[in-house]
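Below, chains carry the letters A, B, ... as their sequence lines are ordered, and counting in each starts from 1. Just so you know, these numbers use all the heavy atoms, side chains as well, and skip hydrogens, waters and symmetry mates.
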Amino acid sequence: MSLNDILDSLFPTGHAVAVANSVITGQAQTAHCPVAVLGTTDAAAIDHAMALALSAFILDTVERHPGRPLVFLVDTCGQALSRSQELLCLNGSLAHLAQCVDLARRQGHASLSLVTANAVSGGFLSFGLMADQAYALADAQVRVMDLRAMSRVTKIAHERLVELAAASPIFAPGAENYRRMGGIEAIWPTPSAERLAGALVAAGQAGPAGDRRMASGQRRGGRQLAAAIAEAVHHAAAGA
Amino acid sequence: MNAPLANRKSWFEATARARIGGLLDAGSFVEFLQPAASQPSPHLAQLDLPGAFDDGVVVGCGRLEKMPIFVIAQEGQFIGGSVGEIHGAKIVGTLRRAVEEKPAAVLFLIDSGGVRLHEANAGLIAISEIMRAVLDARAAGVPVVALVGGSCGAFGGMGIVAKLCSGIVISEEGRLALSGPEVIETVMGVEEFDAKDRALVWRVTGGKHRYLMGDCALLVDDDLAAFRSGAAEFLTGWREAGPSLAALRSSQQALENRLAAYATYRDGLDVWAALGVAQPDSVPLLDSDRLVALKKGLPT
């Protein structure tokens with residue numbers, strides 16, 4: 001589905017969104033209120049310039065449109081794999097972007113992300129997963145790493161990884177696995193203005209309530225351990 | 001000051017528990033979730049891989065020069081300090097506890113390649129939860145200080161987490177980046193990044209480079225006592241200000257300026273020369289005191 005089709009489906013009453021260097025920024029109208037729209041397209045490999053374009057747009061929104069909800073459209077194959085990018089501390093620019101999303105939340109901007117095609121690793125961590133809630137279109141790809149690279153790092157044969165990826169929910173790529181683990185709130189069969197309106201209301205409530213993804217993951221049976229472990233550490237008497 | 005080499009105890013070579021022992025006031029450490037109260041990762045067991053009762057991270061409380069602090073220490077020797085479901089949940093639980101109990105700081109001893117690929121989805125979501133929990137602790141007024149000097153450095157999502165902390169204390173041996181050189185080499189080719197060229201890897205990701213560029217607050221020797229005094233020094237000079245538009249605007253400007261100035265460089269040597277270092281070739285040979293002095297003398 002093209003970006004324009006997605007935008008037309010989400011915002012039938014109007015949108016004015018520009019794409020530059022695979023970075024999406026603009027404004028759109030929903031039934032209830034105007035929203036700021038931002039993200040990446042064409043499976044962008046997030047680099048410094050993209051991260052800083054996104055963070056600048058978030059800061060502009062916080063400054064000029066207090067409280068305006070943020071809608072992130074996520075299509076990223078991860079971070080740019082390049083020596084010059086690492087030389088300038090790419091993790092630092094991604095952390096800055098994450099801090100800007102966090103500031104917006106603290107200043108009362110509801111945020112939600114929609115994975116439109118691909119969500120991979122660092123590119124997903126820095127803004128898609130920082131939103132109050134994340135959603136994915138049904139055919140979206142959500143994963144951590146290219147299986148060839150994963151094979152070299154884990155020293156598990158590529159064929160074995162392919163086999164495991166088909167069988168294991170905790171490991172296997174796929175939006176549905178992320179939903180079961182609590183990382184993605186719901187999967188949308190198609191983008192629609194009605195789903196977006198409902199999700200914006202939910203995001204507005206989720207932001208102030210804090211990070212509830214562990215509880216969701218437990219309720220949905222995908223992450224059975226995390227919630228209880230975090231709770232035990234949080235409340236156990238020191239040394240108990 | 002540099003301790004004589006013979007008196008140093010290497011942070012790089014120490015285990016997570018030995019680092020905690022050398023960092024905190026003697027005998028003050030108390031573990032929140034002792035290994036016997038936890039369990040090894042069932043996801044690793046499913047792959048016939050050995051687990052660890054602490055799942056590669058030690059969390060607890062103690063004192064640093066009498067200040068009450070929390071500590072999170074990743075064990076780089078266990079699957080690269082990688083973040084799996086239990087490992088991540090222990091870190092998140094500790095940071096959430098800090099929001100309520102408000103210790104003087106959380107010391108985060110990062111030694112990790114990032115997501116544990118054997119539990120990739122759980123690991124990625126856990127790192128996202130850690131990111132939010134670090135920012136929640138800081139917003140509650142609790143500084144979170146990253147200490148980076150272990151064999152695995154701070155890579156992947158943990159590289160992002162390190163940069164979300166109040167500041168980073170790093171040693172020359174410490175490395176901080178997003179993608180590991182091996183991953184870049186595998187995907188983009190050896191011409192892009194030769195992961196076997198250790199000197200190059202250090203010039204791109206190493207502690208001295210990150211310190212010269214201002215990405216880390218302090219550069220210390222590879223010594224338990226040096227990290228202890230570095231953490232205390234950082235906290236003495238630090239007041240945790242809440243998140244603000246003005247502060248992030250200022251960071252935004254600095255990052256944009258840096259990108260405009262250095263975007264085309266591919267080696268630390270070139271950036272150091274552009275920073276005003278007269279003899280970039282000498283940087284790898286300088287000890288930490290001399291490098292700190294060199295940075296102080298650079299044009300700003």
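- Between atom CG of residue A:Leu59 and atom CZ of residue B:Arg249 there is a gap of 5.0 Å, rounded to the nearest 0.5 Å.
- Between chain A and the residues B:Ile86, B:Ile184, B:Leu117, the largest count of heavy-atom pairs under 4.5 Å involves B:Leu117.
- B:Ser41 does not touch chain A: none of its heavy atoms, backbone or side chain, sits under 4.5 Å away.
- With a 4.5 angstrom heavy-atom cutoff, A:Ile156 touches chain B only via side-chain atoms.
- The two residues A:Asn91 and B:Gly159 make their nearest non-hydrogen contact at ND2-O, 3.0 Å.
- Here the straight-line distance linking atom OH of B:Tyr262 with atom OG of A:Ser84 works out to 15.0 Å at 0.5 Å rounding.
- Contact of the B:Pro42 side chain with the A:Gln224 side chain is not registered, since no non-hydrogen atoms from C-beta on lie closer than 4.5 Å.
- Counting heavy-atom pairs under 4.5 Å between each of A:Leu103, A:Leu94, A:Asp102 and chain B puts A:Leu103 at the top.
- Rounding to the nearest 0.5 Å gives a distance of 8.0 Å between CG of A:Asp211 and CG of B:Asp136.
- For B:Asp270, no part sits under 4.5 Å from any heavy atom of chain A, backbone or side chain.
- Between chain A and the options B:Phe29, B:Phe193, B:Phe155, the largest number of non-hydrogen pairs under 4.5 Å is found for B:Phe193.
- Note that SG of A:Cys89 is 5.5 Å distant from NZ of B:Lys163, once rounded to the nearest 0.5 Å.
- With rounding to the nearest 0.5 angstrom, the CG atom of B:Leu245 is 12.0 Å from the CD1 atom of A:Ile58.
- In this structure a side-chain-to-backbone donor-acceptor pair under 3.5 Å is present from B:Arg97 to A:Val233.
- With hydrogens and angles ignored, the 3.5 Å screen pairs a side-chain donor or acceptor of B:Glu85 with a backbone N or O of A:Ala226.
- Contacts between B:His118 and chain A at a heavy-atom distance below 4.5 Å involve backbone atoms as well as side-chain atoms.
- In summary, A:Arg83 and B:Asp194 do not engage in a salt bridge, as defined by a charged side-chain N under 4.0 Å from a carboxylate O.
- Contact of B:Arg116 with chain A is not made at all, since no heavy-atom distance falls under 4.5 Å.
- The shortest distance between side-chain heavy atoms of B:Asn121 and A:Ile170 does not fall below 4.5 Å.
- Of the atoms belonging to A:Ala49, heavy atoms from both backbone and side chain fall under 4.5 Å from chain B.
- Here the closest heavy-atom approach between residue A:Arg106 and residue B:Pro243 is recorded as CD-CG, 3.6 Å.
- Residue with the most contacts toward chain A among B:Gln39, B:Glu129, B:His43, B:His87: B:Glu129 (heavy-atom pairs, distance under 4.5 Å).
- If you tally non-hydrogen atom pairs under 4.5 Å between each of A:Cys100, A:Ala232, A:Gly122, A:Ser82 and chain B, the highest count goes to A:Ser82.
- In terms of heavy-atom pairs under 4.5 Å with chain A, the best-connected choice from B:Val204, B:Thr205, B:Asp215 is B:Val204.
- Across all their heavy atoms, A:Ala56 and B:Glu256 have their closest contact at CB-OE2, 4.3 Å.
- In this structure, the side chains of A:Gln99 and B:Ser251 stay at 4.5 Å or more apart for every pair of heavy atoms.
- The two residues B:Ala126 and A:Arg223 come nearest to each other via the heavy atoms N-NH1, 4.5 Å.
- When each of A:Met130, A:Gln107, A:Glu63, A:Gln85 is checked for heavy-atom pairs under 4.5 Å with chain B, A:Glu63 comes out on top.
- Counting heavy-atom pairs closer than 4.5 Å to chain B, the top-ranked of the candidates A:His235, A:Met181, A:Glu231, A:Arg160 is A:Met181.
- Taking B:Glu101, B:His209, B:Met213 one by one and counting their heavy-atom pairs under 4.5 Å with chain A, the maximum is reached by B:His209.
- Proximity to chain A is absent for every atom of B:Gln253, based on heavy atoms less than 4.5 angstrom apart.
- Across all their heavy atoms, A:Met214 and B:Ala89 have their closest contact at CE-CA, 3.9 Å.
- Considering CG of A:Leu125 and CG of B:Leu124, their distance stands at 4.5 Å, rounded to 0.5 Å.
- Between B:Ala120 and A:Val144, the shortest heavy-atom contact is O-CG2, 3.4 Å.
- Put simply, of A:Leu88, A:Leu87, A:Leu81, A:Leu90, the one with the most heavy-atom pairs under 4.5 Å next to chain B is A:Leu87.
- B:Leu255 is not listed as a side-chain neighbour of A:His48, based on a closest heavy-atom distance of 4.5 Å or more.
- Options B:Ser244, B:Gly242, B:Gly60, B:Gly114 differ in how many heavy-atom pairs under 4.5 Å they form with chain A, and the most are formed by B:Ser244.
- Of the atoms belonging to B:Ile91, not a single heavy atom falls under 4.5 Å from chain A.
- At least one side-chain heavy atom of B:Ser38 sits less than 4.5 Å from a side-chain heavy atom of A:Ile229.
- Side-chain contact check for A:Gln79 and B:Ser179: at least one donor-acceptor pair (N or O, by modelled atom type) lies under 3.5 Å.
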